[in-house]
Amino acid sequence: MASVLLAENQEPGFSFENCRRNAFLAKKGNALPKATKTGTTIVGIIFKDGVILGADTRATEDTIVSDKNCSKIHYLAKNMYCCGAGTAADTEVTTQMICSQLELHRLSTNRDIVPVVTACKFLKQMLFRYQGHIGAALVLGGVDNTGPHLYSIHPHGSSDKLPYTTMGSGSLAAMAVFEAGWKPELTEEEGKLLVRNAIAAGIFNDLGSGSNIDVCVIRRGSVDYIRPYETANLKGEKQMSYNFKKGTTAVLDVKTVPIIIEDVVVHHTGESAVESMDTSS
Amino acid sequence: MAMTEGANRYLPDYSSHPVQHHFSPYSDNGGSIVSIAGDDFVVIGSDTRLSSGFSIHTREQSKLFQVSNSTVLGSTGCWCDTLTLTRLVEARMKMYEHSHNKVMSTPAIAQMLSTMMYYKRFFPYYVSNVLAGLDTEGKGCVFSYDPIGHFSRSDYRAGGSAGALLQPLLDNQIGLKNQEGVTAAPIPLKRAVAILKDVFISAAERDIYTGDGIEIKIITKDGVRTESFGLRKD
């Protein structure tokens with residue numbers, strides 16, 4: 001017997017009880033509201049001294065832009081960052097959960113740096129457990145004691161270990177740039193430029209990606225989180241001013257509630273307090 | 001509960017009963033149109049991006065078709081239907097000129113376009129039309145249509161993919177709705193063009209199908225003048 005005060009044991013994972021109800025409602029014409037997806041171009045490359053991650057900054061709700069400058073490169077550990085594409089809430093929460101899991105793991109294994117493969121394992125085990133219902137497509141990059149590593153992780157829980165990778169709706173545009181321009185042992189400047197070009201290809205050729213380019217450079221011992229690396233798109237200059245004169249909004253009703261002052265107490269603080277202290281013995 | 005009805009979960013491409021496949025004859029190529037009418041002019045602008053899905057076909061396709069010296073038709077939606085519809089309108093206008101020995105007036109074109117679209121009531125032109133021109137008295141007029149030909153005359157209209165984003169802005173700035181203490185005055189040409197550009201700048205911020213640039217046609221008794229303006233390309 002379940003009641004509000006004494007809830008039954010909550011089963012872990014998703015409850016699919018409402019799916020039949022939702023299917024019935026959808027058939028009647030009441031479609032489910034669309035979750036915010038990021039539409040997105042995210043990329044990662046391995047260069048001579050580490051890993052460079054890049055992302056655009058547009059979040060879309062179907063075909064409307066909901067955030068013109070959202071952050072898609074998420075912190076996992078001081079040596080690891082993760083770009084997220086797919087459902088915005090899923091990428092945000094998944095990376096935060098694995099971030100805390102990694103810190104607990106680091107403390108319990110008494111290490112300074114957690115291997116990147118550990119984060120990959122945590123992420124794919126969680127995503128596989130949810131059988132693809134968590135719509136998070138991730139590009140995980142970091143540098144540990146064995147060198148730089150880059151993984152791409154898909155919503156169903158598979159991962160690929162690669163020297164360069166792209167995800168999101170703009171991944172084809174970005175991968176075209178990588179296939180033409182990536183080579184082993186890139187310098188940091190060459191790498192940043194290549195990542196910038198790949199994200200720009202996604203921003204200008206894919207309608208789901210846009211606005212600015214964020215870049216994150218991870219080397220052994222240091223991280224450069226450059227946000228924005230480039231503001232590739234500025235809002236057009238307005239031709240007119242749209243300031244409204246005072247009184248433009250109609251006032252329908254006015255209710256004034258005076259604040260009644262019951263008592264006034266003055267406390268002196270700072271130098272005057274020290275001065276006013278009576279030190280005469 | 002079955003994971004997916006019909007499809008075998010181990011062989012998702014095979015199912016145990018017939019599956020209906022659906023071919024859609026329509027595609028949505030995006031684009032927005034805005035038109036503002038004044039006392040002796042009318043301006044109509046469209047963005048120049050043609051897209052489908054998440055890809056761009058071209059950044060330089062205007063959706064405005066000048067059908068006569070005093071009328072411009074803006075058509076957006078399914079581009080194939082747009083091309084055929086405008087071709088048909090131009091052909092019908094030529095026929096009218098040959099039989100009546102005069103150019104069709106804007107209200108006449110408006111009525112004809114409505115009947116042409118209703119002929120395809122049961123396989124519609126998937127097009128959002130805005131017809132702008134000078135009427136027989138020289139006043140600016142804007143006619144807007146639904147896909148099966150219902151039309152109405154108004155002073156300003158926004159249509160296409162960003163229509164729902166822009167119409168409330170036009171209602172406030174041109175229709176002076178929800179504003180106290182403002183006197184209705186005939187809108188000057190400079191202000192109409194400035195509002196048109198600003199309205200497209202805002203549309204390009206939030207609608208992924210609007211962007212790249214705009215083409216503006218300004219219709220006065222002296223003819224049709226064209227202006228271009230750049231927009232965000234992302």
Side-chain angles (χ1 to χ4, degrees), chain A residues 16-20 23 37 39-41 56-69 131-133 168-173 199-213 230-242 244-252, chain B residues 1-5 9 28-30 32 47 49-59 161-162 164-165 169 172-173 176-182 188 190-214 216 227 229-234:
Chain A
F16 288 102
E17 276 173 13
N18 283 334
C19 283
R20 198 186 299 149
K37 297 191 85 203
T40 294
T41 308
D56 74 308
T57 61
R58 171 183 284 183
T60 51
E61 249 158 55
D62 225 2
T63 61
I64 304 285
V65 176
S66 60
D67 190 345
K68 295 187 272 190
N69 197 198
Q131 286 294 297
H133 289 284
S169 58
S171 61
L172 271 64
I199 300 291
I203 284 176
F204 291 112
N205 299 111
D206 174 44
L207 297 177
S209 314
S211 292
N212 310 322
I213 302 175
E230 190 179 305
T231 358
N233 290 282
L234 288 167
K235 187 169 180 172
E237 240 191 86
K238 286 242 226 315
Q239 310 279 305
M240 264 177 56
S241 157
Y242 293 90
F244 292 107
K245 278 208 298 285
K246 225 173 152 197
T248 301
T249 307
V251 178
L252 299 176
Chain B
M1 196 189 320
M3 284 259 261
T4 41
E5 308 272 1
R9 65 195 281 171
D28 184 5
N29 298 115
S32 314
D47 74 324
R49 171 180 284 172
L50 206 63
S51 53
S52 86
F54 278 123
S55 306
I56 300 179
H57 283 308
T58 176
R59 298 191 198 271
S161 59
L165 294 173
L169 178 54
N172 176 259
Q173 289 296 316
L176 303 177
K177 301 277 167 69
N178 301 115
Q179 288 193 64
E180 293 283 311
V182 281
K190 266 189 86 166
R191 182 157 180 264
V193 175
I195 289 183
L196 198 87
K197 290 179 180 168
D198 288 343
V199 135
F200 270 107
I201 289 172
S202 301
E205 291 287 303
R206 293 289 176 177
D207 181 28
I208 62 176
Y209 294 127
T210 304
D212 292 334
I214 42 181
I216 307 171
E227 257 185 55
F229 190 72
L231 288 178
R232 284 171 79 119
K233 298 184 175 13
D234 64 350

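Quantities reported herein were computed from a predicted structural model and do not represent experimental measurements.
For Asn212(A), no part lies under 4.5 angstrom from a heavy atom of chain B. Proximity to chain A is limited to the side chain of Arg49(B), based on heavy atoms less than 4.5 angstrom apart. In this structure, no portion of Asp212(B) lies under 4.5 Å from any heavy atom of chain A. In this structure, no portion of Leu172(A) lies under 4.5 Å from any heavy atom of chain B. Interface residue Phe229(B): only side-chain heavy atoms are found under 4.5 Å from chain A. Only the side chain of Leu165(B) has a heavy atom closer than 4.5 Å to any heavy atom of chain A. Contacts of Ile56(B) with chain A are made by both backbone and side-chain atoms, with heavy-atom separations under 4.5 Å.
Considering only residues two or more places apart in sequence or on other chains, Thr249(A) meets the side-chain contact (heavy atoms from CB on, under 4.5 Å) condition with none of them.
Of the possible donor and acceptor atoms, none in the side chain of Asp234(B) sits under 3.5 Å from a partner among the backbone N and O of Asn233(A). When atom types are taken as modelled, the side chain of Asn29(B) and the backbone of Leu50(B) share no donor-acceptor pair closer than 3.5 angstrom. In this structure, Thr60(A) contributes its side chain and Val65(A) its backbone to no donor-acceptor pair below 3.5 Å.
In this structure, a donor-acceptor pair under 3.5 Å is absent between the side chains of Asn69(A) and Ser211(A).
The shortest distance between side-chain heavy atoms of Asp207(B) and Ser32(B) falls below 4.5 Å.
For chain A, the option among Asn178(B), Ile195(B), Leu231(B) with the highest count of heavy-atom pairs below 4.5 Å is Ile195(B). Note on Val182(B), Ile201(B), Val193(B): by heavy-atom pairs under 4.5 Å with chain A, the leading option is Ile201(B).
Taking a cutoff of 4.0 Å between a charged side-chain nitrogen and a carboxylate oxygen, Asp56(A) and Arg58(A) do not qualify as a salt bridge.
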